[in-house]
Amino acid sequence: MQETQMMQYNFNEIEKKWQAYWAKNQTFKAENNSDKEKFYVLDMFPYPSGAGLHVGHPLGYIASDIYARYKRHKGFNVLHPQGYDSFGLPAEQYAIQTGQHPAITTAENIKTYRRQLDQIGFSFDWSREVRTSDPKYYKWTQWIFIELFNSWYNKETDKAEDIETLIAAFSSDGNAKVNAVCDEDIEPFSAAEWHAFSSKEQQEVLLKYRLTYLADTEVNWCPALGTVLANDEIVNGVSERGGHPVIRKKMTQWSMRISAYAQRLLDGLNTIDWPQPLKDSQTNWIGRSEGASVTFKVLDNLDPERSRSDQIGVSTTLNHQFEIEVFTTRPDTIFGASFMTLAPEHELVAEITTPEQKAEVDAYVEATAKRSERDRMADVKTISGAFTGAYAEHPFTKKPIPIWIGDYVLAGYGTGAVMSVPCGDQRDWDFAKHFNIDIPNIFEGVDISEAAFADKEKTVISNSDFLNGLPYKKAVKTAIYELEKLGQGKGKINYRLRDAVFSRQRYWGEPFPVYYVDGMPQMLEDKFLPLKLPEVDKYLPTETGEPPLGNATIWAWDTKQLSVVSCSLIDNETVFPLELNTMPGWAGSSQYFNRYMDPHNDEAIFSKEAIDYWQDVDLYIGGSEHATGHLLYSRFWQKFMFDKGLVPKDEFAKKLINQGMITGTSAVVYFVIARFAKDKPFYIAVSKSSIAVLEETIKKWRNKTPVNSKPFRYSILNRRYANVDYINSSDELDIERFLGDSMNKDFEGAVFLGENDTEIIDNNDAYKVVREVEKMSKSKYNVVNPDDIVAEYGADSLRLYEMFLGPLEQSKPWNTAGITGVHGFLKKLWKLYTPIIDGSLSGAEVKPSAENLKTLHKTIKKVEEDIENFSFNTSVSTFMICVNELTTQKCTSRAILEPLAILVSPYAPHIAEELWEKLGHTESISTAAFPTFEPKYLVESAKEYPISFNGKMKFTMELSLDLSKDEIEAAVMAHEKTQQQLAGRTPKKVIVVPGKIVNIVG
RNA sequence: GCUCGAGUGGUGGAAUUGGUAGACACGUUGGACUUAAAAUCCAAUGGACAUUAGUCCGUAUGGGUUCAAGUCCCAUCUCGAGUACCA
């Protein structure tokens, strides 16, 4: 009795023991130099929120941990680090409300996270932990910012270069020969002019070329909240929080010239093994479109005294003052352009509008300005616009075409102006129909009376002079050629990708290592980094509307003392103001994967040795919500670092996997509020099976209830979430615990109807809830905390179950009840080893049987394939099959059980370590060599052939695999069941696929 | 609207290149053990019909290709994710 007690699977004890062992022995510490081949497995590091982890969070970590452990067994030197993305809004929000410093909140949250992560048994190398809010870490975020500032993008070499090479070019040749990605409004200057510029003028020019630069950017400013809001924080033009008005306001902010990398970011996608949907959304986000830019000359205003139609076609003079540049993907349709449309915000609107149209245009511009961008986008159906009264000259026909404004043209895309081709674009078509504008047809054999025709492939151009008869592609080429000849256009590739605004008006983020001299930004020297966040007494913006750092009293840079000093000393001679904005959330996460390679280096972001050894991430696992944020910015920074020669790879992660979301399974109690006459109302809760037949159910209940002659009424169905902890595996509610919740006080005296529609008294029946799959959230009481699961079933069960739930990349519902399956498996596994461990098996080693070996090698093969394919759910079932078989076989052979422990170890490391030790090993199982699959154990001599008739399987028969096709056919035809099936008919055909199937047709 | 993905028992999900649909679990039902419960073990479990051997129907729907289709092709429906007046 005592002995069996000892031999029980005590997961609590085992898991604590091995977690302590791993920590003490630094089992998973990775070395930066090793003869072993490297393998880098990375998780997206978490933001440590106050709520802690729920069971959905560890899913990706478990998968990556399995892979990391597997690779160690395979002999790799594995880097598997973890850290925290610890700057962010929630901590700041909490600070605003409570005054608690975000650093303190963050540290507390990290502690909780670490405890929760530790008890799941991850093989993280915690010695490499990074925190983005740690000055030792953000020193390097600031450093990269400075590097970007000191760089420009040379289109000739197609890479980022040091700003010195640009200055050298300016000094010798001015900017005429420089082919750079830069601001649009660059004025040409010569070398002499460059030298004549003042220092400030030179700085201003350079700022237009730098990869991070200051620009006036429109933001959503909420005066009442004193803060800038993101687009999704605005609803119907007012702030989501508080409902305050929001205005568009220009602010000087840092931007990142990510647009310089648009093409390379697109091309790079072909070189990496990332999920297609994610690549698609990045492609979409970058939004490359090929076409042409075309310049339209604006005509002098026509004579307002004469009617418009009179003047169309008459010779007009060109007003050389104004030109409108448009971008089009369909230069082939240029002869179909019957009008132009400008965005209401277009800068030329005010210039070209004729006096008599001014009132209408102004009213329209004002009306659109009031609508938020979001509203405009949402309201696609309504067509609106106004005629400016001005005309442009068609580049080829030289005819005047009217210029309209309309809010379907967006100021932020392309040039904010379009040539409108109503026959070829549905939006133009709708606009033209609405305002009764001419819709010329330039497509051969196409009816455009009902809708525009946009099928490029079927396009043949007509009514278009030199383009007549040409198909789409040729027409595009020809049109561009002719436009270039005229000097009124050229082929152009346009990207949707905009430069990224890099300033945030927040406290809890990286400070910019920047001070201002005469309004021009100056970088701190590297040796003064990190520039640490100053203390402030409140975390809100200042009364004058400056960012929270404006509250800091010690926030000025003294260029003599070379230190941060009190703001009161600012004299703009030697002491200057520091930047008040902070960096956005994605700053810290854009290079953390490289910093892990050498996280304690104070001399460099990482050593050359470290980056040369680790190179890049081999496997990156995380959620798909970062598709166009973190994962795009990180690729951008990596390419920049690559250009600077700092990293050897221009893509940071070879393979990426998006784990799916684990949703909650909420439990819903349906009830009606009932009452007898004027008695006190009471609740009747209706069990799952009876909801659909509510009326009948209540009637039944009434009939069984002691007669109450008073009139009876009840309400429609109501619902109430029950805490999922109160539900057993059969969806039955623990009514007592449910009633114990303070929020369910109103259920006092409620009648619970069981499955048989009888009132539940003393557990005579069960109340079944309705289960609904939804996102885990506090308000739905469906959040499952991994702590509880670990306490009740152990970390190994949790790990196995999360994997067993389904394919890694798929979203799937959590249901705690099912965990008994994998928990039972671990118990069976434990039991399998008992005879060997407790010594009840005395004497010599037991030789494995052929059957044992077959089971083992089948398992090795399948598990290895599964891990390589990230099909972790199927390997868990493979383990179950294996243990079930070995149990039936009563296997006690060490030669089987030792390799099995290694196979299981990546998935359930604690039990594997314990069994390994009990088998007599003194070293951790974590680096034991993964067993080798040997096909010889799986060789079969016979096969159970399915015999089908017209494709339908009727019976099976065992046949030797040595048989030839003819022999198989003969054997099958001779079988009595075959004759039965044929019932005298002669088969038309017999298909024999040796080793697979026999199909008899006829 | 567009792009991508997915529809398989009561539930989560298996099913290599087209070759025995429903592995492995959960749940359910019955049984063993127990004073009882828990735990454990055994058996059954896609549906319909049939006392029995068995027959028919079954992978969202409708067509098609094939000796053979969950798997390939076409059309339709539903759900999910992303994105959006992108010229």
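Heavy-atom basis, side chains included; hydrogens, waters and symmetry copies ignored. So that the names make sense, note that chain A is the first sequence line, chain B the second, and so on, each numbered from 1.
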Review item, nucleotides 26-28 of chain B N/O atoms under 3.5 Å of protein N/O:
unit_1	atom_1	unit_2	atom_2	d
B:G27	OP1	A:Ser729	OG	3.3
B:G27	O3'	A:Ser730	OG	3.2
B:U28	OP1	A:Ser730	OG	2.2

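- Classified by interplanar angle (parallel below 30°, tilted 30° to 60°, perpendicular above 60°), the ring pair A:His857/A:Phe933 is tilted.
- At the heavy-atom level, A:Thr329 lies under 4.0 Å from the strands shown only through sugar-phosphate atoms.
- A donor-acceptor contact under 3.5 Å links the side chain of A:Lys996 to the base of B:U17.
- To the nearest 0.5 angstrom, A:Ile867 atom CD1 is 11.0 Å from A:Lys862 atom NZ.
- Paired runs in RNA chain B that reach 3 or more consecutive Watson-Crick or G-U pairs, where each pair keeps both distances under 3.5 Å, cover B:1-7 with B:77-83, B:10-12 with B:24-26, B:27-32 with B:40-45, B:46-49 with B:54-57, B:60-64 with B:72-76.
- The stretch residues 416-430 of chain A touches RNA chain B through A:Val418, A:Arg427, each having a heavy atom within less than 4.0 Å of the strand.
- Side-chain nitrogen and oxygen atoms of A:Ser289 include at least one within less than 4.0 Å of the OP1 or OP2 phosphate oxygen of B:A87.
- Not less than 6.0 angstrom separates the ring centroid of A:His823 from the ring centroid of A:Tyr801.
- The side chain of A:Tyr408 has B:C85 as its nearest neighbour among B:C4, B:C24, B:C85.
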TODO: Determine, step by step, whether A:Phe11 and A:Tyr793 satisfy the ring-ring contact (aromatic ring centres under 6.0 Å, His included) criterion, reporting the C-alpha distance in whole Å, the side-chain angles of both residues, the deciding distance to 0.1 Å, and the verdict.
DONE: CA-CA 8 Å; A:Phe11 52 86; A:Tyr793 301 98; 7.7 Å; no

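- Regarding A:Asp866, its CG atom lies at a distance of 17 Å from the P atom of B:G13, rounded to whole Å.
- The distance from atom OH of A:Tyr495 to atom P of B:A87 is 14 Å, rounded to the nearest whole Å.
- Using a 4.0 Å cut-off between charged nitrogen and carboxylate oxygen, A:Glu885 and A:Lys858 count as a salt-bridge pair.
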Listed pairs, N/O of protein and of nucleotides 64-68 of chain B, under 3.5 Å:
unit_1	atom_1	unit_2	atom_2	d
B:C67	O2'	A:Asn999	ND2	2.9
B:C67	O2	A:Asn999	ND2	2.8

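- Atoms CG (A:Leu829) and P (B:A25) sit 13 Å apart, rounded to a whole Å.
- The ring-ring contact (aromatic ring centres under 6.0 Å, His included) check on A:Phe431 picks up A:Phe339, A:Trp404, A:Tyr408, A:Phe435, with sequence neighbours excluded.
- A:Lys988 comes within contact range of no nucleotide atom at all, as no heavy-atom separation falls under 4.0 Å.
- Closest to the side chain of A:Asp280, out of B:A87, B:C4, B:A39, is B:C4.
- Crowding of A:Glu736 atom CD: a count of heavy atoms from other residues, nucleotides or ligands under 6.0 Å not exceeding 12.
- Between A:Phe949 and A:Phe955, the ring-plane angle classifies as tilted under the 30° and 60° cut-offs.
- Rounded to whole Å, atom C1' of B:C86 lies 15 Å from atom CG of A:Asp407.
- We find that CG of A:Asn284 is positioned 8 Å from C1' of B:G82, with the value rounded to whole Å.
- In this structure, the CG atom of A:Leu631 is 15 Å from the P atom of B:G82, given to the nearest Å.
- When distances are taken from the side chain of A:Gln810 to each of B:A25, B:U83, B:G13, the shortest belongs to B:G13.
- Of the candidates B:A14, B:G82, B:A23, B:A23 carries the atom nearest the A:Ile881 side chain, counting heavy atoms from C-beta on.
- Distance from the side chain of A:Leu410 is smallest to B:C85 among B:U20, B:C85, B:G13.
- Among the atoms of the strands shown, none is found under 4.0 Å from any heavy atom of A:Asp731.
- Set against B:A23, B:G19, B:A21, the side chain of A:Met953 has B:A21 as its closest nucleotide.
- Counted within 6.0 Å of CD on A:Glu450, heavy atoms from surrounding residues, nucleotides or ligands total 12 or fewer; the atom is thus considered open.
- Put simply, CD1 on A:Ile493 is 16 Å from C1' on B:C86, counting in whole angstrom units.
- A salt bridge links A:Lys861 with A:Glu865: the distance from a Lys NZ or Arg NE/NH1/NH2 to an Asp or Glu carboxylate oxygen falls below 4.0 Å.
- Put simply, the side chain of A:Glu323 does not reach to within 4.5 Å of the side chain of A:Leu348, judged on heavy atoms.
- Rounding to whole angstrom units, NZ of residue A:Lys831 and P of B:A39 are separated by 14 Å.
- Side-chain contact between A:Leu632 and A:Trp285: present, with at least one pair of heavy atoms (C-beta onward) separated by less than 4.5 Å.
- The shortest distance between side-chain heavy atoms of A:Ile324 and A:Ile403 falls below 4.5 Å.
- Considering only side-chain atoms of A:Arg496, the nucleotide from B:C24, B:A84, B:G13 that sits closest is B:A84.
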Check nucleotides 53-63 of chain B against the protein and report each pair of N or O atoms closer than 3.5 Å, with its distance, or say if there are none.
unit_1	atom_1	unit_2	atom_2	d
B:C56	OP2	A:Lys954	NZ	3.4

